[in-house]
Amino acid sequence: MRGPLALAVIAALGAVLPAACSEARPDLALRASAGDPPRQVSTVKECGACHMAYPPRYLPARSWTALMSHLSTHFGEDASLDAATARQITDFLVSGAADSPYGNARLTAGLTPADVPQRITDMPFWRRIHRRHLQPGVGSGDGVRSAANCGSCHNGSSRGEADEDD
Amino acid sequence: MMLPVARTTLTFALAVSLAGGALAGMSGSPLRQTILDQYAAEARRADPGFRGFSGEAGRAFFLAHPGSGSPATPSCTTCHTISPLNPGHTRAGKEIAPMAVSVTPTRFTDLAKVEKWFDRNCRTVYGRACTAVEKGNYISFMAGL
């Protein structure tokens with residue numbers, strides 16, 4: 001019952017959250033999950049240069065493969081990498097994806113095999129957890145800047161440590 | 001008689017301090033100066049009349065809105081703010097250390113890193129690769145602040 005209970009706690013906290021979190025909230029800290037492949041230096045360094053090195057289990061393998069195949073057009077940015085580094089990072093992301101042994105059914109719930117979400121914020125599990133914050137404009141203010149900026153509300157996320165259970 | 005290890009260390013320290021002293025007046029770091037020298041050589045190959053980099057031209061390049069790149073990043077200032085003395089933010093919200101060398105002394109001391117980010121950001125902001133002159137001007141601007 002750990003998962004549902006944690007979701008209930010998050011939902012309860014969500015009810016008292018301001019529309020935009022301009023400060024880190026220690027009470028919403030996300031922690032590393034034991035269910036991740038060992039962290040990988042290139043991923044932390046290269047992905048982490050621009051944003052949190054998102055945990056691989058937040059997208060299915062097909063999404064990571066698609067994302068990593070067009071890094072020169074990465075959400076409006078050119079995030080090109082040399083082929084060897086890109087390969088290394090892709091292998092890591094795929095090995096720990098939502099539909100890998102490191103993932104679980106809750107992470108892929110609501111996805112059909114044809115769905116290839118490009119953003120974690122398009123994943124049904126993410127939208128379910130954050131449904132109270134999905135009004136237009138939320139997450140785009142100066143404090144949060146972007147819904148990609150998990151660490152703005154979830155203290156600790158900037159290190160790439162997150163767990164959908166906490 | 002001095003131990004070989006100690007002599008080597010002393011020689012190395014002397015060499016570093018001499019190199020640093022000779023070049024510090026130009027860009028503040030021998031590593032940065034090496035990068036600038038490389039861009040200068042490239043600029044001379046393209047234009048034998050090249051007369052050196054201009055921090056002022058680098059400033060104009062940094063502040064410009066060329067209108068030829070990605071709509072999300074119309075200018076260097078989109079992420080770095082109009083003052084390189086201040087931290088910037090990526091579009092995903094992560095803080096970027098100030099570009100000004102006086103605030104972030106490690107800036108422009110690693111050629112691979114410098115080339116990686118010029119390659120990416122020249123395309124997103126200018127829609128094309130930057131020339132060696134533009135890169136040298138940019139670094140000169142950031143090193144002079």
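Below, chains carry the letters A, B, ... as their sequence lines are ordered, and counting in each starts from 1.
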Exercise for the section: Any chance you could lay out the salt bridge (Lys or Arg N to Asp or Glu O under 4.0 Å) test for B:Arg120 and A:Glu77, step after step, and finish with the verdict? Expected result: CA-CA 8 Å; B:Arg120 291 172 165 184; A:Glu77 300 282 340; over 6 Å; no
Out of curiosity, does [Y] fall in the hydrophobic cluster containing [X] (side-chain heavy atoms, cut-off under 4.5 Å, transitive links)?
{"X": "B:Phe141", "Y": "B:Trp117", "value": "no"}
{"X": "B:Tyr126", "Y": "B:Ile82", "value": "yes"}
{"X": "A:Met123", "Y": "A:Met68", "value": "yes"}
{"X": "B:Val103", "Y": "B:Leu31", "value": "no"}

- prompt: Under 6.0 Å from the CZ atom of B:Arg59, do we count more than 12 heavy atoms belonging to anything else shown?
  reply: no
Grab the two heavy atoms, one from B:Ala92 and one from A:Cys50, that are nearest each other, plus how far apart they are.
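In terms of heavy atoms, the two residues are closest at CB-O, 3.8 Å.
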Testing the basics here: between A:Gly76 and B:Ser70, what is the closest heavy-atom pair and its distance to 0.1 Å?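 Reported closest heavy-atom pair: O-OG, 3.1 Å.
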Count the heavy-atom pairs under 4.5 Å between each of B:Val125, B:Ile96, B:Thr124 and chain A, then report the option with the highest count.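 Of B:Val125, B:Ile96, B:Thr124, B:Thr124 has the most heavy-atom pairs under 4.5 Å with chain A.
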Rounded to the nearest 0.5 angstrom, the CG-OG1 distance for A:Asp78 and B:Thr73 is 9.5 Å
Rounding to 0.5 Å, atoms OG (A:Ser80) and NZ (B:Lys116) come to a distance of 10.5 Å
